[in-house]
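Below is one structure; the comments refer to it alone.
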Amino acid sequence: MCVKKDEFKCLSIQYSIFLHNITLSYTKQFDLVSFGVLKMKHPRDYGKLSVLSSALFSMSTPLFANDVDPIATSVEPVTHVLPALSIHATVDPQKQQDDDMSAVPKTIISREEMLQYGDQTVMDALRRAAGFQLPSFGQGPRGGGGASGMRFRGGGAPTFLINGEPVQGGPRGGMSVIDTITSEMIERIEVIKQPSVAQSSVASSAVINIILKEPLNTRLNGTVKLGYGLRDSEQQESERKQINIQADGRENQWSYSISANQMWIDNTSISKTESETGTRENLRTVNRSMQMFSPRLQYDLDDQQKLIAELFYRNTKMEGYSANQIQDDKNDSIRLNTRYERKDKDLSDKIRLSVERQTETQLTRSTQDRIYTDESINEYGLAYDGVRKLDANRQIKFGFDSRLNELDSNVSKSLNEQRYAAYGEGSWRFTNHQTITLGARQEWVNRSGLVDYQDQHLSPVLAYRLNLTDQWSIQSNLSQAFRSPKSDRLISNVTVSTDSDAGSLNNPDRGGNPNLKAEKIRAVESTLAYDSASGGVSFTAYHREIKDYIERVIALEDTRYVERPQNQDKATTYGIELSGRYALKQTDAGHSFMLNGQVSSIRAKIEDGQQNERLVSDVAPYNATTGLSYSFKPWQVSSSANVSYTPKFTRALDGQPYDRTTNERFSLNLSATKRFTEGWAASLNLNNVLSTDYKERLTHQSDGRLYQARSNENIPSFQFTLEKKF
């Protein structure tokens with residue numbers, strides 16, 4: 001209060017507002033003369049006060065009534081004093097950290113980042129999460145594109161979740177639902193690279209949880225996309241057309257969304273086979289169509305509780321033609337996920353109930369044979385996840401998961417499977433710089449029908465995090481885990497390969513193995529990381545010992561070679577990974593870009609019962625990727641370039657007198673997006689630019705002579721997408 005004995009000319013009032021962990025102070029200085037409070041020469045002038053002046057005066061009078069005699073005061077008009085405003089904010093650093101205090105690190109790819117750099121698919125976003133090896137089109141008969149061919153540190157594909165629910169593939173594989181989700185459907189992507197008992201598979205190479213976005217506070221908004229793509233080179237051609245529709249809205253306590261995708265891919269490809277007798281070309285045409293329909297409904301019971309129901313319907317059809325074979329495959333699946341969620345600042349509960357049915361048929365016709373396979377899977381799941389924060393430095397997670405799986409087939413006995421799991425995990429930040437997480441997951445597996453056995457195993461995990469400074473940290477992880485084979489890998493039925501060299505060592509048929517045992521894994525992993533607001537660098541070293549390691553082994557059955565999963569006695573894998581990313585936040589001029597890269601090496605050795613050692617046949621010694629993403633806001637333009645490299649390597653085949661050599665491979669993918677007014681946008685993707693072919697060469701171990709060789713040509717392609725938001 002700026003008051004003197006004989007004059008008072010202004011009133012200063014300070015307000016303090018406390019919002020959670022932020023304190024705001026607001027100071028306002030009023031010129032009382034300007035309000036008419038001091039424009040009086042006589043006590044009778046008090047009656048001329050305006051309402052605002054009276055209010056201000058009555059509020060301030062008790063504060064200085066003992067010091068000022070208003071009747072005896074004579075005040076001359078003074079110059080107007082401008083109001084002064086000051087805001088002070090204090091933030092508690094402890095509360096600014098991630099709500100999850102677990103020592104197991106997590107990488108977040110936000111929706112804002114995906115939109116800023118023009119990502120069209122999940123794979124586009126994951127290219128910036130360094131450490132993942134994403135395949136390019138046509139990487140050999142055992143390869144694949146999208147999520148099905150994704151590898152992590154030389155290992156198998158990660159476990160994909162949608163809102164915490166595992167994503168199931170078809171009984172015989174097929175296109176994953178991950179390959180059909182567009183960036184408009186996603187709120188964020190959580191990537192966990194180290195084992196955590198809270199996830200569905202503690203033995204997985206990584207866990208990728210896709211969180212679907214909640215509708216905005218509008219009655220209806222959405223996006224429509226039309227896409228066209230073409231690969232063309234002499235006799236080879238691939239044409240791709242697609243339509244994507246995504247819409248959502250909110251009204252009162254209800255929110256809703258719907259996504260629909262339709263895709264057509266017509267592909268004509270040529271593969272070349274070479275042997276001691278000569279070279280042959282194989283022409284193959286594949287026409288594929290895919291549909292996905294996904295509505296979502298949510299009801300908010302209050303600010304802390306909500307009910308959610310999600311439906312995923314997927315239908316895939318494929319017709320393939322070659323010189324001596326016709327292939328007709330169909331996959332149809334429908335999945336319903338329902339959840340109850342309750343979340344407060346110190347606790348959360350989530351109850352998940354899911355039902356899924358899949359049917360898949362395969363018809364292979366040739367001049368020699370006709371093979372028809374009809375399989376179906378029914379799955380029912382019930383799970384609970386809970387989190388409790390005991391105080392600012394202690395947290396516990398706990399839950400259970402139960403699943404019933406029924407697989408029926410016309411070529412084998414039915415397979416029934418029950419899986420049960422319970423887990424608990426505690427995290428304790430015992431100093432300002434150190435956090436420890438200890439957890440365990442107990443699982444039970446019962447199978448009957450095609451195979452009959454019961455198994456149970458405990459998977460403990462110990463994680464430790466030391467924050468050396470605000471930027472530098474060390475994370476270490478010790479774990480023991482078990483990985484049971486998937487149900488579809490237990491069915492012994494053979495799927496016949498295509499082309500004129502079908503059934504050869506370079507292009508074998510594929511089948512399952514009912515005698516598979518679970519892998520038993522012991523692992524240690526440690527990461528030194530530097531993190532800042534602009535990005536960071538991490539260096540990871542890992543070592544895994546795997547008993548009953550599952551490898552895809554090729555063996556001669558009757559007159560054809562068949563590839564089946566088979567348990568090896570023991571395997572040891574170890575390696576290092578160097579990854580980094582640097583992001584330039586948006587400048588005043590509107591520029592922003594992100595640079596990321598990774599180099600990961602792996603050495604995977606198998607030791608048989610006679611203690612003979614060899615390297616795993618299909619794991620490259622290292623892989624390197626790098627990418628650059630750029631955005632210029634004034635022009636509403638975003639672009640990205642991604643490069644991957646795999647070196648040439650040679651490995652011995654198990655039980656065969658041959659070595660397989662895989663060639664050096666390079667791939668470059670480019671994309672650009674331009675946004676216009678009124679919600680319009682256009683995108684151009686160039687894939688496999690300057691890419692090399694995929695080649696496999698088998699030679700005799702005795703003298704290095706050629707036995708067989710096979711190559712698939714990589715052809716540059718483009719895809720144009722037109723988008724309209726409403």
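Any value given below was found using the heavy atoms of this structure, including those in side chains, with hydrogens, waters and symmetry copies removed.
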Separation of [Y] [atom2] from [X] [atom1] (nearest 0.5 Å):
X	Y	atom1	atom2	answer
I334	Y313	CD1	OH	8.0 Å
D385	K397	CG	NZ	9.5 Å
K725	K225	NZ	NZ	7.0 Å
N687	Q719	CG	CD	7.5 Å
R465	N477	CZ	CG	13.0 Å
S631	Q636	OG	CD	7.5 Å

Would you call [X] and [Y] a side-chain contact if the rule is heavy atoms closer than 4.5 Å?
X	Y	result
L722	W680	yes
L220	F726	yes
N267	R288	no
R388	D349	yes
V387	L347	no
N209	I192	no
I189	I208	yes
T626	L595	yes

With side chain to side chain contact (heavy atoms under 4.5 Å, CB included) as the criterion, how do Y256 and E251 come out once you've worked through the C-alpha distance, each side chain's angles and the decisive distance to 0.1 Å?
CA-CA 9 Å; Y256 39 83; E251 188 169 356; 4.2 Å; yes
Under the salt bridge (charged side-chain N to carboxylate O under 4.0 Å, His left out) rule, what do R441 and E443 come out as? Steps first, then yes or no, please.
CA-CA 6 Å; R441 187 180 185 93; E443 296 188 5; 2.9 Å; yes
Are the side chain of [X] and the backbone of [Y] linked by a donor-acceptor contact shorter than 3.5 Å?
X	Y	value
T673	S638	no
S640	L628	no
R675	W635	no
Q262	Q291	no
S683	F720	no
S294	S259	no
R419	V445	no
N669	N688	yes
D344	D346	no

Greater than 12 external heavy atoms within 6.0 Å of [X]'s [atom1]:
X	atom1	answer
K330	NZ	no
K317	NZ	no
D302	CG	yes

Would you say the side chains of [X] and [Y] form a donor-acceptor pair under 3.5 Å?
X	Y	value
Q246	D248	yes
D300	Q298	yes
Q327	D329	yes
Q358	E356	yes
Q442	Y420	no
S644	T625	no

So salt bridge (charged side-chain N to carboxylate O under 4.0 Å, His left out) across residues 289-298, not counting sequence neighbours, yields R296-E310
How are the rings of F632 and H591 set relative to one another: parallel (under 30°), tilted (30 to 60°) or perpendicular (over 60°)?
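Judged by the thresholds at 30° and 60°, the geometry between F632 and H591 is parallel.
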By side chain to side chain contact (heavy atoms under 4.5 Å, CB included), which residues pair with S354, not counting sequence neighbours?
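Partners of S354 by the side chain to side chain contact (heavy atoms under 4.5 Å, CB included) criterion, ordered by chain and then number, come out as E165, R335, N337, R403.
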What verdict does the side chain to side chain contact (heavy atoms under 4.5 Å, CB included) test give for L668 and L670, after you've listed the backbone C-alpha separation in whole Å, the side-chain angles of each residue and the deciding distance to 0.1 Å?
CA-CA 7 Å; L668 171 63; L670 304 172; 3.9 Å; yes
Please test E406 against N416 for side chain to side chain donor-acceptor pair (under 3.5 Å), starting from the C-alpha separation and ending with a verdict.
CA-CA 5 Å; E406 301 171 347; N416 297 323; over 6 Å; no
